[in-house]
Amino acid sequence: MSTLIDPWIDVLAATVATLAPGGLAGATVVVHEGLRVMPLLESLASVAWVHPGPVLFRDFVTVPHGQPAQRERLDAGEYAADVRDLLKRAGLCVATVPGDLAAARRTAALLKEPGHALWLLHGPADAAGWAVFDPVAQAAGLQPLAAPGV
């Protein structure tokens, strides 16, 4: 079953999505190793989830006044070309820095070309993967923002 990404990240991503100058210019993409959900962000926009490994099951998102729709989850290994295209068209990209170094390498490999999206990289402050994400952060022009434990 899917679980929530830290609610503060959901609030921050939703705020960025609603306050972006001129609105978001493309797709909203979340890159995460595990199966998670972001209910606030998903209530504002269609969200495509990208996973560095196989997606073992399908889950659903509530559609107002309609049948639940399948949540779009892409396995980057199986759909590499689709993931690259999606990330190039992204208006907002939220990526979680994994604590495991091997998982961080798999995830960062997806994000070599950050495009023109607004970016939010987050994860535990002590995650081993932060060093792997430095080139992504530099290419996207990101500035660090410290929060307790994140």
Side-chain angles (χ1 to χ4, degrees), residues 1-18 20 24 26-115 117-137 139-140 142 144-145 147-150:
M1 191 78 177
S2 300
T3 57
L4 295 174
I5 283 185
D6 184 332
W8 290 108
I9 300 303
D10 193 14
V11 168
L12 183 57
T15 301
V16 169
T18 57
L24 288 179
T28 301
V29 180
V30 178
V31 181
H32 198 285
E33 184 77 10
L35 295 175
R36 300 290 187 267
V37 296
M38 296 178 78
L40 185 56
L41 182 61
E42 289 177 305
S43 73
L44 298 172
S46 295
V47 176
W49 291 79
V50 172
H51 302 281
V55 179
L56 301 177
F57 71 93
R58 295 289 172 192
D59 57 348
F60 297 87
V61 63
T62 303
V63 176
H65 310 291
Q67 296 293 327
Q70 187 169 296
R71 185 173 273 118
E72 183 177 2
R73 293 191 184 273
L74 295 174
D75 170 356
E78 187 175 346
Y79 300 102
D82 293 335
V83 168
R84 279 192 301 273
D85 181 53
L86 182 62
L87 289 171
K88 285 179 186 174
R89 294 183 294 113
L92 172 63
C93 187
V94 180
T96 302
V97 176
D100 175 63
L101 198 52
R105 286 188 180 115
R106 285 190 304 271
T107 303
L110 302 173
L111 311 176
K112 289 180 186 174
E113 300 172 26
L118 297 173
W119 278 82
L120 173 59
L121 289 177
H122 68 95
D126 60 351
W130 278 109
V132 175
F133 277 82
D134 282 345
V136 174
L142 301 181
L145 177 65
V150 179

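Predicted model only: the values in this text are computed from it and were never measured.
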Stepwise, does the side-chain contact (heavy atoms from CB on, under 4.5 Å) test hold for Val30 with Met38? CA-CA 9 Å; Val30 178; Met38 296 178 78; 3.8 Å; yes
[X] to [Y] - nearest heavy-atom pair and separation:
| X | Y | answer |
| --- | --- | --- |
| Ala127 | Val97 | CB-O, 4.2 Å |
| Ala95 | Trp119 | CB-CZ3, 4.3 Å |
| Gly77 | Asp75 | N-OD1, 2.8 Å |
| Phe133 | Pro98 | CE1-CD, 3.9 Å |
| Leu35 | Val55 | CD2-CG1, 4.1 Å |

Test of understanding: with side chain to side chain contact (heavy atoms under 4.5 Å, CB included), list the residues that count as partners of [X], not counting sequence neighbours.
| X | result |
| --- | --- |
| Pro68 | Phe60 |
| Ala102 | Asp100, Arg106 |
| Pro7 | none |
| Ala45 | Thr28 |

task: Look at the side chain of Thr107 and the backbone N and O of Ala104, then say whether any donor-acceptor pair between them is shorter than 3.5 Å.
output: no
Measuring from Leu121:CG to Ile9:CD1, what's the distance to the nearest 0.5 Å?
->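 So the CG of Leu121 and the CD1 of Ile9 are separated by 10.5 Å.
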To the nearest 0.5 Å, how far apart are CD1 in Ile5 and CG in Leu12?
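Atom-to-atom, Ile5:CD1 and Leu12:CG are 12.0 Å apart.
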Pair listing, side chain to side chain donor-acceptor pair (under 3.5 Å) test, anchored in residues 44-55, at least two apart:
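Listed by first then second residue: Glu42-Trp49, His51-Arg73.
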Side chains of Arg71 and Val37: does their closest heavy-atom pair fall under 4.5 Å?
yes
If you define the side chain from C-beta out and look only at heavy atoms, does anything of Val94 sit under 4.5 Å from His122? yes
Quick one: side chains of residues 78-93, donor-acceptor pairs under 3.5 Å with protein atoms, not counting sequence neighbours, listed by atom name and distance.
from: Asp85; atom 1: OD2; to: Arg89; atom 2: NE; distance (Å): 3.2

